[in-house]
Structures are given as C-alpha cells and as structure tokens.
Amino acid sequence: NRGMMSAEVDLLLQEAKESIEAAQNYRSELQLRLHGLTQARKQVRGSSSQARDALQRHFSELQTAASRLLQERLAALLSEVDAIEADSIKPLDDCQALIEHGVGQADELLREGEAALRCGLGEKEDKLGSFTKKALHIQLDSLPEVPALVDVPCVSAQLDDTLLGALKEKVSRHGAVSSYPPVQIDELQERPGGVLVRWCKVDEDFAAADFRLQCRRSGSGGSQYEDAYIGRDQEFLVLQLDAHADYQFRVCARGEGRTEWSPWSIPQTGLTTLAAHEWCPGTEGYVLSSRRNIALRNDSMSRSCVIYSQSATYFCGQTLTFKISAAGGMDRRDSLGVCVDNGRGQDSLQRDQAVCMSTNGAVFVNGKEMTNQLPALSVGAAVTFDMEVVGVQPGLHGDGTSVVKLRVTIGSGNREVVFDWLVEDSLDALFFGCSFTHSGWKVLVF
C-alpha cells in the first residue's frame, strides 16, 4: 500500500510540475503578446502624432504661402491702378493749367477793357487802341479741347468669382489620410553579403508606376536611410552588407502620373549570416576591387589563367551570379563556373569536378562539353548558377561513401540549361572561379 501511495504521490508531483511549467509558458506567451500590444499601440499613437504634425505643418505653410501670393497679387494690381491713374491725370492737369492761364489772361483783358471805357476822352483813344491790340494777340476765339468722358480712362477691377470655387474644390481634395501604406515589405532572404528584399502592394487599387527601396544599418551607430533601388520591380538584392549586422529596410511607391511618393512601409529588420562572395587576392594576372567582388584580368602573360574564390562560399539553394562588366579577346578555354576545389587546373575550369560555361556559350560538366548551348558572353551579360540536392546514392568505389546528385541550372540571357551533377556527400560548400586567356575581362560576382 505504501508503494502505491508513493507512486500516486510521484504521479501528482509530476502532474504539478507539468502544470507549473505550462503555467510559466502560458504567462511567458501572454507577456509576449502584451509586449506586442504595447508595440502596436505605440505605432498607432506615434504614427497618428506624426500625421497630425505633418498636416498642421503643411497647411500652415500653405496658408502662409497663399497669403503671401494674394498680397503680392493685390500689390501688383494696385500698382497697375496707380500707373493708369498717373498716366491719365497728367494730360488733364496740363489742360487745366492751360485753361487757368487763359482765364487769367481773360480776367486781365476784362479789367483793362472796363478801365479803358471809364477813362477820360484824352486817354480813351490810346487805351482803347492798346486794349484792342491785346485782345487780338490773345486770340479770344481759340479754345483748348477738353476730352470727352468716354475718352478718359474709367478704371475698374475685374475679379473672377470662379477662383474661390476652384480653390474650394482643389482644397477639398488636397491631402489624404490612410491607415496603411500602399506597399509593405513581404519577405527578406539572406544572400552572401546581402539581403534579397521582396515587397507587395497592400492597396490593390493603388496603380504604382515606381517603387523606392531604402536601407540603413540598425543600432546606436546606425546611419540615415539611403536609396537602394528605384524602379518597377518588386524585389531587389541589396549587396555590400556586413555579415551578422542588422539592417532596416523600407519601401514606398509613386502612383501613375504622380510626382510625390506614398508613405513609407513599416520598417523591417534583416541580416545576412553568409559571407560575401570574394575572389582570391594575390592571384597572378588579376587585380581585384576593394571589396574583392570584382576581378579584372590585366596580365595575359602570367602563367595562370584561373582565379578562384577566396573560400568555398557557394551553398546549394542559392543563386550565384556572374556579371560581365568588360570583355577582352575570346579563347575556347575561357570559362566561368563552380567547382569542388580550388587547387587544380591552372589553365581552365573545363576540368573534372567542375561545371562551367565558356565565353562562347558552351556548357561543360567535369570537362565534357554538353550538346545544349547558351548565348555567348558580352558586356552587361549575367550568368546564373542554381543548384539543389535531388538525391543521394552509393559511391562508385563500394567503400561505404556516398555521392550527392545536384540538379544544376545555368542561365544566361533568356535561356537556361539544366543537368544533374554528382559530387561527394562530405562537401558543405563549393568554390567558384573563372579563367581568361586574354586581358580586359572584368567580372562581378554576387
């Protein structure tokens, strides 16, 4: 009986421990959700505050600018009135001065005539003669012309009442408030030395002409957002990122026929743990860029034609891309591709344990040429290598080892070649390389 009781106690203790652990997990999950709610509330409050500030600042600037424009227009119109008034009054003032001068002369002549009529007989003849001469000189029948009212400016202001209506219509449609940005980042995928960013439209009614992707490094030493891509595509590979460092990405869009950009998407944080693809420094006959992702064949007299990657950094499931930045003379042994090791083959990649494509488009598997062919390489061309594991099978030597069957896809232009390639099961990653006989070839790898 004591044994049964002990077993029951042990069972109860076990159930209690499990219940306590479940309660702890439950509380932890609830606390995570509370944190999520806090972040969501913070986003709503923060974005609403930013939207209010943006609206108030924008409309205040508009009011100031509109008031200034109206004042400037009023001043210009008043200046026109002043100019018309000044130009019109001057000839009237001149005419008035002429008439007032004539009135003065007539008054003086009247006084002289009345005086001549009142004087004695002895003086009358002389004074009347002088008066008559003066009257003839003044030309009493000559009167200045005064313009008719229809010929004189009558200044008025023409004011278009439709402006207020048009302004009211424009203002009523100016600006908008949205709950969500029209585009959001959909996926972040790590790539060697970079992150592949994909985005999608949230608002299906929004007709996007262009998308704009920005990126910045996170953390206390973080930088400002910088443009990474502007165009019509909805994905972009952001390169030259440091491994194991957090980066923030955001995207916006521009509508058809519009100049302004939409609000930014909610920033997403991503990183890459994969080291960037680099060419091996110090390889004879080649010079490299500062980031070692570009190799230039600069010396055709060197013994070696081949340059390999610094290390085995290509993993199955990735896309390896070679981009031709410049081209030199062609040779049938020239090629670029992927290989198991970097210790063999000084003159070409067209050898055992390697798959490659020659500059004329021929595809080689373990040194043997395939019948399928791709377009020849030219400046601006991009060649991609994709590999996936499709099976594992016993080794050829019966020693218990196995080999992996890789499905290889090589793409160039709008064509691709697909084939299977067997490699040792123990391999974690592969090298890449290229070989050029003549100088002038320049290859970017990512």
Side-chain angles (χ1 to χ4, degrees), residues 32 35-36 38-51 53-54 180-202 208 210-254 260-281 288-295 309-315 317-323 325 382 429 432 443-446:
L32 280 174
H35 178 69
T38 303
Q39 293 295 102
R41 185 176 282 105
K42 185 179 176 183
Q43 180 171 299
V44 172
R45 297 280 191 206
S47 61
S48 297
S49 177
Q50 288 177 346
D53 291 344
Y180 301 93
V183 288
Q184 292 282 16
I185 289 175
D186 192 36
E187 186 181 12
L188 298 174
Q189 286 186 4
E190 67 173 346
R191 291 286 189 268
V195 172
L196 177 65
V197 186
R198 290 194 176 102
W199 54 90
C200 63
K201 289 197 301 179
V202 178
D210 291 297
F211 298 98
R212 181 181 184 185
L213 173 67
Q214 287 192 335
C215 168
R216 74 172 179 186
R217 186 164 180 158
S218 305
S220 56
S223 55
Q224 296 294 317
Y225 276 106
E226 292 184 1
D227 286 338
Y229 171 77
I230 295 176
R232 300 188 71 92
D233 293 339
Q234 290 185 238
E235 66 174 40
F236 184 74
L237 178 58
V238 183
L239 291 170
Q240 300 184 0
L241 303 182
D242 295 327
H244 304 286
D246 283 338
Y247 288 86
Q248 284 190 313
F249 303 90
R250 65 181 186 178
V251 68
C252 65
R254 182 164 52 194
E260 74 279 4
W261 291 99
S262 74
W264 289 104
S265 66
I266 296 166
Q268 300 289 332
T269 301
L271 58 79
T272 179
T273 58
L274 305 172
H277 292 315
E278 293 181 1
W279 297 106
C280 186
L288 307 182
S289 62
S290 59
R291 285 187 170 264
R292 300 177 180 173
N293 58 343
I294 300 174
S309 55
Q310 166 82 324
S311 55
T313 53
Y314 177 71
F315 295 88
Q318 297 177 2
T319 297
L320 178 71
T321 304
F322 299 96
K323 188 159 187 179
S325 305
F432 59 85
V443 183
L444 163 70
V445 64
F446 58 89

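We number each residue from 1, following the sequence as shown. Note that these values count all heavy atoms, side chains included, but never hydrogens, waters or copies made by symmetry.
Distance check: Trp279 CH2 to Ser289 OG gives 11.0 Å after rounding to the nearest 0.5 Å. The CH2 atom of Trp199 sits 10.5 Å away from atom CG of Leu188, with the distance rounded to the nearest 0.5 Å. Atom-to-atom distance recorded for Phe211:CZ and Lys201:NZ is 6.5 Å, nearest 0.5 angstrom. Rounding to the nearest 0.5 angstrom, the gap separating the CZ atom in Phe446 from the CZ atom in Arg191 is 11.0 Å. Going from atom CZ of Arg217 over to atom CG of Asp246 covers 9.0 Å, rounded to the nearest 0.5 Å. To the nearest 0.5 Å, atom OH of residue Tyr247 and atom CG of residue Leu241 are 5.0 Å apart.
Under a cut-off of 6.0 angstrom, the local environment of CD in Gln39 is crowded, with over 12 non-hydrogen atoms contributed by other residues, nucleotides or ligands. By the neighbour-count criterion of 12 heavy atoms within 6.0 Å, atom OH of Tyr180 is sparsely surrounded, having that number or fewer from other residues, nucleotides or ligands.
Glu235 contributes no side-chain N or O that, together with a main-chain N or O of Leu196, makes up a donor-acceptor pair within less than 3.5 Å.
Looking at every heavy atom in both residues, Asp227 comes nearest to Gln214 through OD1-NE2, 2.8 Å. When all heavy atoms are compared, the tightest approach of Pro281 to Leu288 is CA-CD1, 3.5 Å. Taking each heavy atom of Asp242 and Thr272 in turn, the nearest pair found is O-CG2, 4.3 Å. Between Pro192 and Leu239, the shortest heavy-atom contact is O-CD2, 4.2 Å. For the residue pair Gln224 and Arg216, the shortest heavy atom distance occurs at O-CB, 3.6 Å. Among all heavy-atom pairs drawn from Pro267 and Tyr225, the shortest one is CB-OH, 3.5 Å.
The shortest distance between side-chain heavy atoms of Val195 and Leu271 does not fall below 4.5 Å. Within the 4.5 Å cutoff, no side-chain heavy atoms of Pro182 are placed close to those of Cys252. Annotation: side chain of His277 is in contact with side chain of Gln318 (closest heavy-atom distance under 4.5 Å). Residues Ser309 and Tyr314 are not in side-chain contact: their nearest non-hydrogen atoms beyond the backbone lie 4.5 Å or more apart. Counting heavy atoms from C-beta outward, Val197 and Gln268 have side chains that stay 4.5 Å or more apart. Inter-residue side-chain proximity for Thr273 and His244 is flagged as met; some heavy-atom pair is nearer than 4.5 Å. Contact annotation: the side chain of Thr319 never approaches that of Leu237 to less than 4.5 Å [non-hydrogen atoms, C-beta and beyond]. The closest side-chain heavy-atom distance from Asp186 to Gln234 is not below 4.5 Å.
Ring geometry for Phe322 against Phe432 counts as perpendicular: the plane angle is over 60°, on a 0 to 90° scale with 30° as the lower cut.
The side chain to side chain contact (heavy atoms under 4.5 Å, CB included) test with Arg45 singles out one residue from Gln43, Lys42, Arg41, and that residue is Arg41.
Geometrically, Arg254 engages Trp261 in a cation-pi contact defined by less than 6.0 Å to the ring centre and at most 45° from the axis.
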